[in-house]
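Notes follow the structure.
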Amino acid sequence: MIPELHAAVIVKHGALAALGGIVHALSAYRRGETRGPLDILVLATISSFTGVIFAFLALNLYPQGYFTFAVAGVGGFIGVEGMAWITDLVKKKLQR
């Protein structure tokens, strides 16, 4: 179970997830997958939320260390597309 989380820990993980989400959105913009600033903002927000989910999972499994910060940033970068890929992978493994 997650030990008591302080606001500073949540903010740090959220900031790294947000940075990962922003990089993901800007990469999508460069590839021509978004149409404008509103699309970039929405994609960055959604990807950042994905990074926060990954961060909380990492904090639950490994509550100390810099690993959780890395997971937050990478989770924000891979975004929803990465979550869909991981979900498909797990479904395929469970169906065997």
Side-chain angles (χ1 to χ4, degrees):
M1 203 41 114
I2 297 176
E4 181 182 341
L5 290 177
H6 299 286
V9 172
I10 295 171
V11 168
K12 288 176 185 177
H13 284 85
L16 285 170
L19 288 175
I22 290 168
V23 170
H24 175 77
L26 292 176
S27 295
Y29 178 73
R30 286 184 178 171
R31 290 189 306 265
E33 297 172 358
T34 57
R35 292 178 290 217
L38 184 61
D39 284 348
I40 293 171
L41 180 65
V42 169
L43 184 59
T45 303
I46 292 170
S47 296
S48 298
F49 181 70
T50 305
V52 170
I53 291 171
F54 272 78
F56 282 137
L57 287 173
L59 283 168
N60 194 17
L61 298 173
Y62 187 75
Q64 297 175 355
Y66 292 106
F67 174 73
T68 58
F69 291 118
V71 169
V74 169
F77 179 72
I78 66 170
V80 178
E81 295 88 355
M83 286 281 273
W85 180 79
I86 291 170
T87 302
D88 290 341
L89 183 69
V90 170
K91 282 182 185 178
K92 287 178 185 176
K93 293 292 182 184
L94 290 177
Q95 289 176 352
R96 286 188 188 185

Heavy atoms from other residues, nucleotides or ligands near CZ of Arg30 exceed 12 (cutoff 6.0 Å): no

Minimum heavy-atom distance between Gly21 and Ser47, given as atom pair plus value: CA-CB, 3.7 Å

Interatomic spacing from NZ in Lys12 to NE2 in His6 - rounded to 0.5 Å: 10.5 Å

Single-linkage hydrophobic cluster, 4.5 Å side-chain cutoff, Val90 and Met83 together: yes

Taking every non-hydrogen atom, the tightest pair across Leu43 and Ala28: CD2-CB, 3.6 Å

hydrophobic_cluster_shared for Tyr62 and Phe56, side chain cutoff 4.5 Å: no

Residues Val9, Thr68; criterion side-chain contact (heavy atoms from CB on, under 4.5 Å); working and verdict: CA-CA 10 Å; Val9 172; Thr68 58; over 6 Å; no

Close side-chain approach of Ile78 to Phe54, heavy-atom, < 4.5 Å: yes

Verify same cluster id: Phe67, Leu61 (apolar side-chain graph, 4.5 Å): no

Ring geometry between Phe69 and His13 (parallel below 30°, tilted from 30 to 60°, perpendicular above 60°): parallel

Joint cluster assignment, Ile53 & Ile10, ILVMFWY side-chain distance < 4.5 Å: no

Hydrophobic cluster membership, Leu38 vs Ile46, 4.5 Å side-chain cutoff: yes

Reported CG-to-NE2 distance for the pair Leu19 and His24, which is rounded to 0.5 angstrom: 14.5 Å

Exercise: identify the closest heavy-atom pair between Thr45 and Leu41: OG1-O, 2.8 Å

Verdict with supporting geometry, Val52 and Ser48, side-chain contact (heavy atoms from CB on, under 4.5 Å): CA-CA 6 Å; Val52 170; Ser48 298; 5.6 Å; no

